[in-house]
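Scroll down for the structure; my scribbles are underneath it.
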Amino acid sequence: MPTTPSDGPRLLRADEQQLERAGKALGSAGEAFVIVVCETALHAQATEVLRRSAGGIEVPDPEEVRQPEEVLAALERPVDRVCVRALSVAGNLDGVLEALNWHREKLLSGSPVVLWLEDAEGLRKLRELAPDAYAFRESVVLVRGDGGPLPLPGGEEPERVARARRQLRRARTPLERAGAGYTLAEALRMSGRPIEAEEVAKRALLALPPTGNEDSQENRVRLCWALAAIASAGGEKSQELYWVRRGLAELDPISLARGLPWRAQFMSAFPGPFAGHDCSATTESLRLVRTYGLAPKNRSQALRSACSVALALGDLTRARTLSEECRTIKEQSSFNSALKISHQGDIAEAAGNFVLAEARYREAMALVSSDGGDLESDCLSLVNCAILTGELEAAEREIATGLVRAAADVTVSLYARAQLAMARGDVEACFRTLRQAIAAATARKQDGRLIDMYEASIDALVSMREAERLGERELEAARVELDEVRDAVQAIAGADGPSWYPIQFLTLRPRLLAATPGTLDQAADASAQALDKARAVYPDLIAECGRRLGEHLVQSGKLDGALTTLAETEKEAEARGFLVELARLRSARVRALVLQGQAPAVIEPHLAALRESLAATGSPRITAETLRDLAIHLPPHSATPDPLALAEEAHALFVAMPMPAEESRCLEAMGDILLARGRGPEAKRRYVAARARLERHGLGLRLPLLARKIDALG
């Protein structure tokens, strides 16, 4: 293969493997239709791989097809029987793809055809506008590439930081120094230098007199805002809450005209458990912005926060609407522009459109990097996308280079490495790295990061327990370690810390207790305590707490109590617009009704309600994950709903994303169901397919269990 320019993207090994299989199909079949989704910058490399593996058949560079009438001409143009027809769709996609559907029979009459599409949106349109042509495909190849190297930050300090330093040096009065200190702190924060930013902001705040005019008071508010943002970026949730509360208190002496925009800003940033935000405060921020017609920067901040909350609640339709409204606002800083693009990536990732998500994250990274900005969150998102799509080499490379380039917090890098070890099935490395991350976060008093580590540890333990990689003794030891993490968080937060912390701990720990039958009652008791505390202290967590309690009651066979709890909680979730929790509640209710032995006529309306709530999320990924979980937990002989059909439906959705680990999990669930129904040979085929999917991507967590299931069937 020709050497790739150092400033361009490169093919991943997984890309080459897919292209090699497609090339062999072109070379071995007299007639074949292959679809390649690949950005233009990678066309030359991808074509070379096809040529190398096509067994002597000529694969030309793609011919652009821009008009509907050009489709027929390209398909009918005389070519040698040993030459592939390579077409690249460009221009008016709708008309070209419809024409391709009209002349679909020519795709399989003569030379093999390779259709090149630029991105996942083109593939979606092909499936929508040319379904019959799409059905003729031999294979679909999704070429991702590594995205190319990030722009290197310049050796000199970013201009905005240098300019702010000059302004601070020229300042003479305490008021001027405070204003210049805020400007420098913000410039440093956006350039990824939070420690220095915090020192500058605190010095400026201390320099201000305790009393003064409105200008002085507003500077105090500005500096509280800067310190809250710095704490948020560092995962110091209790400190963030302190500075937000102090900033709101500092607003009291300020006139409404000057204080209202700042109140909207602080309410939009008020910390909480929903993607780092508080639902009620975010709603109030958006109300203030729209009611009083506040400045574009206030509107942009409120919309971004509301978008994050909508994503956390599983309402992707609302998130897209808010993101589109935010996109129309012109930003003065590249940092805020990049945040908007990152939100578009978050929406795509939540929907399962990982090709688009990665493109948006890289776009945001390039924009911020060119201005010397912080890339940490986008790098971590890229690592996550790579792991979810089974591109573990790409994830490793992003951790080794991207997070280093972003000067990421060591806690973030360790967390990413733990997630990668988990995907590979390296139990020892996963927990060793998580312990290191927990120690680093504890030393830095990053209570927000510690909560993330706590939840990640529980996710890992439950997954490993389900994969039969951990025994009860290891689980008990892990519970003791996690109690130490809880104590560390509570020590950092203190009495005035976030009110949702105790509820979260009461909610998360029962997941471990529920992993062993002997402690199911303890799990239900802890979840009941969490629900009571949520009702008294933090009502926005009622939906999650009630749902988890209902699930534990279902698991322990207390079906009447479970249905009562789920019905009461469903009303809360529906009233508050918590769509993902609503879908999970309805899924748990369907499971409880099936276990009760209710007739299909009783179950079907509740199944329809579940489908309705899944459609409302606007997320194929949420739909697939919910149906997968329901299929796994239903009795295998159920007819309404049929768990085999649910697993097959979820599998098809995961294949389209793709999420190979989840594809394999669905195949394994199908095998379990078929085996329970006495269809051993069919079950074995599903198990073998599941194992092959994991082996292809190096996803090792469930491989030993699958091997045992296959061996048991002979």
Requested in this report: Please tell me if the side chains of L531 and T507 come closer than 4.5 Å, counting only heavy atoms from C-beta onward.
Outcome: no
Report task. Let me see the working for S323 and I347 under side chain to side chain contact (heavy atoms under 4.5 Å, CB included), right down to the final yes or no. Result -> CA-CA 9 Å; S323 177; I347 294 169; 3.7 Å; yes
Query raised in the report: Side chain of R509, backbone of L506: donor and acceptor closer than 3.5 Å?
Result: no
Requested in this report: Inspect the contact between E662 and R628 and indicate whether a charged nitrogen and a carboxylate oxygen are less than 4.0 angstrom apart.
Outcome: yes
Query - F578 ring center within less than 6.0 Å of F274 ring center - result: yes
Query raised in the report: Do T640 side-chain atoms and P600 backbone N/O form a donor-acceptor pair below 3.5 Å?
Result: no
Requested in this report: Identify whether the distance between the nearest side-chain nitrogen and carboxylate oxygen of E551 and R547 falls below 4.0 Å.
Outcome: yes
Query raised in the report: For A690, does its backbone N or O pair with a side-chain atom of S664 as donor and acceptor, under 3.5 Å?
Result: yes
Query raised in the report: Can you check whether G390's main-chain N or O pairs, donor with acceptor, with H697's side chain at less than 3.5 Å?
Result: yes
Requested in this report: Could you walk me through whether D672 and K709 pass the salt bridge (charged side-chain N to carboxylate O under 4.0 Å, His left out) test, one step at a time?
Outcome: CA-CA 9 Å; D672 293 341; K709 289 182 178 182; 3.0 Å; yes
**Report entry** Pair S308-S305, side-chain donor/acceptor within less than 3.5 Å
**Finding:** no
Query raised in the report: Got a donor-acceptor contact below 3.5 angstrom from the S619 side chain to the A350 backbone?
Result: yes
Query raised in the report: Are R611 and E649 ion-paired here, with the side-chain N under 4.0 Å from a carboxylate O?
Result: yes
Query - S527 side chain vs A523 backbone, donor-acceptor pair below 3.5 Å - result: yes
Report task. Using modelled atom types only, decide if a donor and an acceptor are shared between the side chain of S285 and the backbone of A264 within a distance under 3.5 Å. Result -> yes
Query raised in the report: Should we count NZ of K533 as having more than 12 external heavy atoms under 6.0 Å?
Result: no
Requested in this report: Identify whether the distance between the nearest side-chain nitrogen and carboxylate oxygen of E625 and R621 falls below 4.0 Å.
Outcome: yes
Report summary line: Which of K340, H343, Q344 passes side-chain contact (heavy atoms from CB on, under 4.5 Å) with C326? Answer is K340
**Report entry** Pairwise side-chain contact, S139 with I35, heavy-atom cut-off 4.5 Å (strictly under)
**Finding:** no
Query raised in the report: Looking only at atom types and distance, does a side-chain atom of S556 sit under 3.5 Å from a main-chain N or O of L553, one as donor and one as acceptor?
Result: yes
**Report entry** Closest non-hydrogen atom pair between V554 and A592, with its separation
**Finding:** CG2-CB, 3.9 Å
Query raised in the report: Within the distance-only criterion (no hydrogens, no angle test), does the side chain of T564 pair as donor or acceptor with the backbone N or O of D560 below 3.5 angstrom?
Result: yes
**Report entry** Test salt bridge (charged side-chain N to carboxylate O under 4.0 Å, His left out) applied to R320 and D315, step by step
**Finding:** CA-CA 9 Å; R320 291 185 183 103; D315 192 345; over 6 Å; no
Report summary line: Taking every heavy atom of C279 against every heavy atom of V309, the minimum-distance pair comes out as SG-CG1, 3.7 Å
Report task. Kindly check if the number of other-residue, nucleotide or ligand heavy atoms within 6.0 Å of CZ (R511) is above 12? Result -> yes
**Report entry** Which atom of S587 lies closest to which atom of L610, heavy atoms considered
**Finding:** N-CD1, 3.9 Å
Report task. Ignoring hydrogens and angles, state whether a donor on the side chain of Q419 or N384 is under 3.5 Å from an acceptor on the partner side chain. Result -> no
Report task. Identify the two heavy atoms, one from V594 and one from P635, that lie closest to each other, and give their separation to 0.1 Å. Result -> CG1-CD, 3.8 Å
Report summary line: Heavy-atom closest pair (A631 atom, P643 atom, distance to 0.1 Å) is CB-O, 3.4 Å
Query raised in the report: R362 and E358: salt bridge (charged side-chain N to carboxylate O under 4.0 Å, His left out), yes or no, with the steps?
Result: CA-CA 6 Å; R362 292 195 183 280; E358 290 175 14; 5.5 Å; no
Query raised in the report: Is a side-chain donor-acceptor pair under 3.5 Å present for Y538 with D278?
Result: yes
Report task. Write down the atom of P510, the atom of H552, and the distance for their closest heavy-atom approach. Result -> CB-NE2, 3.6 Å
Query raised in the report: Once the angle between the rings of Y454 and F505 is folded into 0 to 90°, is it parallel (under 30°), tilted (30 to 60°) or perpendicular (over 60°)?
Result: perpendicular
Report task. May I ask you to decide whether R304 forms a salt bridge with D346, counting only side-chain N to carboxylate O separations under 4.0 Å? Result -> no
Report task. Flag the pair R677 and D642 as a salt bridge only when some basic side-chain nitrogen lies within less than 4.0 angstrom of an acidic carboxylate oxygen. Result -> yes
Query - Beyond-backbone contact of V383 with L420, side-chain heavy atoms, under 4.5 angstrom - result: no
Query raised in the report: Is it true that E240 and K237 make a salt bridge, defined as a side-chain N closer than 4.0 Å to a carboxylate O?
Result: yes
Query - Donor-acceptor pair, side chain of T328 and main chain of E325, under 3.5 angstrom - result: yes
Report task. Establish, from distance only, whether the side-chain atoms of H606 and R589 form a donor-acceptor pair under 3.5 Å. Result -> yes
Query - Short N-O contact, E574 and R586, less than 4.0 angstrom - result: yes
Query raised in the report: Does a salt bridge link R360 with D378, judged by any charged N lying under 4.0 Å from a carboxylate O?
Result: no
